[in-house]
Amino acid sequence: MSGTVKRIGDIYQKLYQLYGPQGWWPLIDCKGPKPVKTGAVEGYHPLNYDLPVQRNHIYEIIVGTILTQNTAWLQANTALHNLNDLKALVPEKLLKLDDEILKSAIRPAGFLNQKAIYLKKVTQFFIELDGETPSRKELLEVKGVGNETADSILLYAYKQPEFVVDTYTRRLFSHLGLSHVEISYLKLKNLFENSLPRDVPVYQEYHALIVEHAKRYYNKKPHGVGDPLSRLSI
DNA sequence: AACCAGGACGTGA
DNA sequence: TCACGTCATGGT
């Protein structure tokens, strides 16, 4: 197990070395020191770990976590901009939005019927928080918020040390031989949290780096072809 | 033209 | 607890 711990730390170093700081979570109106663009998407803020600072920033991240469920970020981002154009990226505004208008705005992100419901549920929850940080358990009670979404909200919107696991994480680390693909969400999450310093920027960067890396080598079958990391860990 | 994306839920073993 | 079908659009 100590070997696993060591390699999880080593892989982080290697990914950071390969891609550098990722600046997650992207924000539309990013006022960080040097917001940058990744591909066709703007709003990343590498090395700025103070964001989000405003209430609307936190809310925008929460909306983004719902919109990007099983959906490419590029399309979630389009939906996010549609809402922003409607001036509906404000909790009180989104709640008042007509359901059909809401659905047409988020259409590019897919699953519009479900996500319209989820967005209003999580928005109501956010308003009732009244600025407080939610617990993981509370978040999971909101319909539409599962394990990954809850951890993404806690890590990126509320800066809580909760490691985010996604399908890319499962693919990458099973391919590297550190876990198996059937491992449960919580077990894989615990594996990371027990292997890393309890540090929010590290958690934020590691998940973002896994996504960046997996997009290149784990988006098509067979997974992991040409992955430079596979040599490191045998 | 299939395949899949920064998942979650409901159902039935 | 766990496997499986469903939800939907658009890019590659």
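To find a chain, count down the sequence lines: A is the first, B the second, and so on, and within it residues start at 1.
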CA sep, side-chain torsions, deciding dist, call: A:Leu89, A:Ile28, side-chain contact (heavy atoms from CB on, under 4.5 Å): CA-CA 10 Å; A:Leu89 272 185; A:Ile28 289 176; 3.8 Å; yes

Centroid-centroid distance, A:Tyr218 to A:His175, less than 6.0 Å: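 Here the rings of A:His175 and A:Tyr218 have centres that are less than 6.0 Å from each other.
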
When you compare [N] with [M], how far apart are their [atom1] atoms, in angstrom units rounded to a whole number?
{"N": "B:dG6", "M": "C:dC4", "atom1": "P", "result": "24 Å"}
{"N": "B:dC4", "M": "C:dG5", "atom1": "P", "result": "15 Å"}
{"N": "C:dA8", "M": "B:dG10", "atom1": "P", "result": "14 Å"}

Sequence neighbours excluded - ring-ring contact (aromatic ring centres under 6.0 Å, His included) pairs with any residue from residues 100-148 of chain A: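 Every pair satisfying ring-ring contact (aromatic ring centres under 6.0 Å, His included) with a residue in residues 100-148 of chain A: A:Tyr59-A:Phe126.
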
Watson-Crick and G-U pairing of DNA chain B, under 3.5 Å, as dot-bracket with | and [ ]: ..|||.|||||||

Side chain to side chain donor-acceptor pair (under 3.5 Å) pairs, two or more places apart, involving residues 74-85 of chain A: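 Pairs touching residues 74-85 of chain A that pass the test: none.
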
Where at least one partner belongs to residues 11-24 of chain A, residue pairs that pass side chain to side chain donor-acceptor pair (under 3.5 Å), sequence neighbours excluded: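 Every pair satisfying side chain to side chain donor-acceptor pair (under 3.5 Å) with a residue in residues 11-24 of chain A: A:Tyr19-A:His213.
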
Nearest-0.5 Å distance that lies between atom OG1 in A:Thr149 and atom CD in A:Gln69: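 So the gap between those two atoms works out to 4.0 Å.
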
Base versus backbone protein contacts along nucleotides 4-13 of chain B [heavy-atom cut-off under 4.0 Å; B, S, -]: SBBBSSS---

Position toward the 5' end of DNA chain C (nearest nucleotide), A:Glu182 or A:Ala109: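 Looking at the nearest nucleotide for each, A:Glu182 comes out on the 5' side.
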
Salt bridge (charged side-chain N to carboxylate O under 4.0 Å, His left out) involving A:Lys103 - partner list, sequence neighbours excluded: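 Partners of A:Lys103 by the salt bridge (charged side-chain N to carboxylate O under 4.0 Å, His left out) criterion, ordered by chain and then number, come out as A:Glu100.
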
Geometric class of the A:Tyr156/A:His207 ring pair [parallel <30°, tilted 30-60°, perpendicular >60°]: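 Aromatic pair A:His207/A:Tyr156 classed tilted.
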
